[in-house]
Amino acid sequence: MSLQKERLRWQREVADPAVSRHKERKDGALTTSSGLPLERVSIPDDAGYATDAGVYMDRLGFPGEYPFTRGVQPTMYRGRYWTMRQYAGFGTARESNERFRYLLDAGQTGLSVAFDLPTQIGYDSDHSLSYGEVGKVGVAVDSLADMEILFDSIPLDQVSTSMTINAPAAILLAMYIAVAEKQGVSRDKLRGTIQNDILKEYVARGTFMFPPAPSMRLITNTFSFCTRELPQWNSISISGYHIREAGSTAVQEVAFTLADAIAYVEAALSTGLTVDEFAGRLSFFFSAGSDLLEEVAKFRAARRMWARILKERFGATSPKSLAMRFHTQTTGAGLTAQQPDNNVVRVALHALAAVLGGTQSLHTNSRDEALSLPTEESVQIALRTQQIIALESGVANTVDPLAGSWVVESLTDEIERRAREYLDRIDREGGMVRAIENGMVQQEIEDAAYRYQREVEEKERLIVGVNCHSNDRSVSCHDVMRHDPRVQQAQLDRLAEVKSQRDGAAVERTLRTLREAATDPAADVMDPIIECVRQYATLGEISQELRAVFGEHQQHAGM
Amino acid sequence: MSEKTRILIAKPGLDGHDRGAKYIARALRDHGYEVIYTGIRQTPESIVNIAIQEDVQFVGLSLLSGAHNELFPRVVELLRAEGAEDIVVFGGGIIPDYDIPGLKEAGVRAVFPPGTPIAEVVQFIEQCRTGSAQTT
Amino acid sequence: MPHRVSADNLSDLVRGVLAGKNRAIARAITLVESASPLRDELLEQLRECAEPASHRADGGSRVIGITGPPGAGKSTLIGELVAVARMAGEKVAVLAVDPSSPFSGGALLGDRLRMDRHGLDPGVYIRSMASRGRTGGLSPSALETVSVLTAAGFGTIIVESVGVGQSEVGILTLADLVLVVLNPGAGDEIQALKAGVMEIGDIYVVNKADYPEAESMVRTLHAAVRESIHAVIEPRVLRTIATAGTGVEALHREIGERLEALNERGELESRRRRRITTALQEIAGDLFSEWVRAWIERHGLTDPQGGVPFGKLRRELAAALETITVREGCMDEEDAK
Ligand SMILES: Nc1nc2c(ncn2[C@@H]2O[C@H](COP(=O)(O)OP(=O)(O)OP(=O)(O)O)[C@@H](O)[C@H]2O)c(=O)[nH]1
Ligand SMILES: [Mg+2]
């Protein structure tokens, strides 16, 4: 008996008459948020996952085995829950340090640092562009002095530190190493991650400094440095999160993140590293949105694609290289400023998607994230959300619980198919760096974001509290944390003090050495940067030297 | 041909999240306006300089980093200093409602929270053009 | 600066433009882009009051037209070119034309995004313009805008036209010198040759010379340039990397030398004549189109039998023209007396 035939019969005899009596809804809910078609009802597909062991093994396999569709470990959360990692930004190094020490005392071992925007773009707090931004979305770091305060009395050999830093990642890493030196901690003991994913900055997040080519060189410099000196350090976290937040579809999130990853692998290979030497230390970072089924399919498709790419394209063999490990943060763009308490429910859905998708760690946003720095109470609810999913929902008790759902499997296949089309197109463009330089990637994301927003405006996509069920559109938020205006002044004062007390000639000398190294494309800039930070050269000064050699990237207009 | 309405959409400050700014730029284009988009990381000084060179009637500012209280009023101030106070400044982004009265007082004519339908922005622009603008 | 330009304060505006004041220049350009009767008054007053500029023997500015396919790097290159020109002490204005949407009539003008490193330099004026339905890659008022910028004292005026395949020729009606920017890869070479671009450039720039395919494109262009028979002087082919500023000084030098050479052969003068003729013809064409529209309104599109009144229109238009010519003849005679 053919299932397709049975479906046609059902369609004719049962479904069509029903639809002619009651029309189906017309809103966007009848496709996924990426616009993927959804069958009225899914059935085992013709390829026959249900019956053909070969097909099953090819596409799904078992957890912990190639192609890792069902998860990167054999037991997943039956062994250990995902890491619940929350971070928050604080204005000054001193405040952050106090918070870190509190968290460490409470038993946490992982620290997560967010930097303010001037730091992320390589400007000192006294730069004219920094006005109003100092300490706003994270901590301001101008020189080693700030980093010393940030990690004061925190033994760096006993913590793992994740730093959300990209364009000047090499400089902040150098400062971290210099602090460790002062504590007498050797490099091989340092554990942590720098985000260091510059390509997504050009297309989505915007904290770039240099043009793509010299940026890629900086990244390969950090890759080789970490491989050589910091055996326990993750030198990159390849991020689809910001691509999605910029308005991409789920398909684009997968495709462009993998395209970035391919570019990094190729860059690393070109410096003489072998794939299994470093691929195991690449980690990923995705977003989790509200379209539950599509999101679960997205995570599964991403894992399968990565395994296949590494094996087929790069010839990787080590399972550690092939298994895509990723961190997930729930979407911020999917939260609403209107009726913010509804966001608690949304975040629960987002978090559920991430867990059903097999994430290794998770940050749940707070309900007021769309507005401001979250309050302590909101942060706690966000954390409790993860704990409820882990301890009460039961979804963590079996591996990959949605596998075999016909709709999830077909969406997984479809996302892979469409993402591959993008990857082929990017290859034809001459690779991801080129596709970014030419604005192709930005254009695709912008078009998707525009389309989505139009659909919301036309009420083809409904968002509760925004374009439907909105009794009150005002954006009110109770007790959000307000920003302290004294932070900026205090930071400026300290910067001036540091500059007046350091050895000016030594700063000059180390900066000059750095510039020479930067000018030679074959040289490695990590050691010269470490020399600079040791002399308390500021982040802005070091960045300026590099800007002088590398040039500055101009945003692509797109549209 | 009547005088076309020209609008500058600008991103002061350092945040790189330009999804909202690009959306509004594009949507206004689709409503028949000539829109100039500055791109990210503009200083208030350069925004004002561009507004004047381009002879726009409106400047829309978008900011998500939280520095709006510092940067929006600065743009208004500099426009005044250039004798261009006839240019209407409006803003959008993540701006909590308790900041809105202060911004209005500083001369920002309207503040549109996230999720504002484009029709509302268009209505505001048209009201300003015909001189019947209420502050929103 | 008055907020609204009126007949009373027009002279303030003129004075502002002549003094090179940004706000006045900007306002004047808006007026030129509008159909206001004040527009013609403004242009007349500017013509009468402007000091002949010293940049060139004929008192004009050097107008450099830049065209090429979308994304070739025109805007980026202009940004760099402006920097070099500033270093040489030139005052530079840029007119960047982007297409208007045929559906909404709106436009998204993004070129200056790539030039903005000149943000606050008073010696640089950048203006974005929408094509407003005009084909050919320019805006309807581009040439008149150039005359405003000339009056404002900009010795160098760079015009970026919409690069869309066939229609770059509009730039010829405006520029002293045409620079065609091409980028390697993506089959552009063949397209460029096909689209007749090889007939318009004085200088061909292969931008994105950091791409390995650049060399083959340069070779192709060299060959094509040697075959171009119509050119007064054989066009040059240069390489640039706009994003790094590489090759831009050489380009700037080449532009100067080319202009010099074109001038020596009288080519600049004949281009100027051609361009003024075209502009005046265009103005007249617009006015006549308007006349015809009104005529149709009066007479209807077809006669009651459904016939199209070709003959009738031509006769009446010719008669109307006749009266103008006669009147002009009288005026000339009066002038002579
Ligand atoms: N690699 C490389 N990229 C370049 C170069 N010049 C420009 N680009 C990039 O090419 C893209 C397009 O540049 P634009 O200057 O906007 O090109 P355009 O010709 O003005 O484009 P339109 O105005 O849209 O027709 C941008 O992303 C630039 O950064 C170059 O020399 N090398
Ligand atoms: Mg351009």
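Note on naming: letters A, B, ... go to the chains in the order of the sequence lines (proteins, then strands), and numbering restarts at 1 for each one. Everything numeric here is computed off the predicted structure, so don't read it as measured data.
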Next item on the list: Would you confirm whether the ring centroid of B:Tyr33 sits within less than 6.0 angstrom of the ring centroid of B:Phe58?
Entry: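 That pair fails the under 6.0 Å test.
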
Checklist line | chain C interface, residue from B:Val48, B:Thr43, B:Thr38 that has the most non-hydrogen pairs under 4.5 Å | finding: B:Thr38

Checklist line | Contact class of B:Ile47 relative to chain C, heavy atoms under 4.5 angstrom | finding: neither

Notebook entry, point to check: C:Leu18 and C:Cys49: which non-hydrogen atoms are nearest, and at how many Å?
Noted result: CD1-CB, 3.5 Å

Note to self: Tell me whether B:Asp55 is salt-bridged to B:Arg6, with the criterion being a basic N under 4.0 Å from an acidic carboxylate O.
What the structure shows: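 Salt bridge absent between B:Asp55 and B:Arg6.
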
Notebook entry, point to check: Given that the side chain runs from C-beta out, which part of C:Ser101 has a heavy atom under 4.5 Å from chain B: side chain, backbone, both or neither?
Noted result: side chain

Checklist line | ring pair (Phe, Tyr, Trp, His ring centres under 6.0 Å) involving C:Tyr125 - partner list, sequence neighbours excluded | finding: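 Residues passing ring pair (Phe, Tyr, Trp, His ring centres under 6.0 Å) with C:Tyr125: none at all.
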
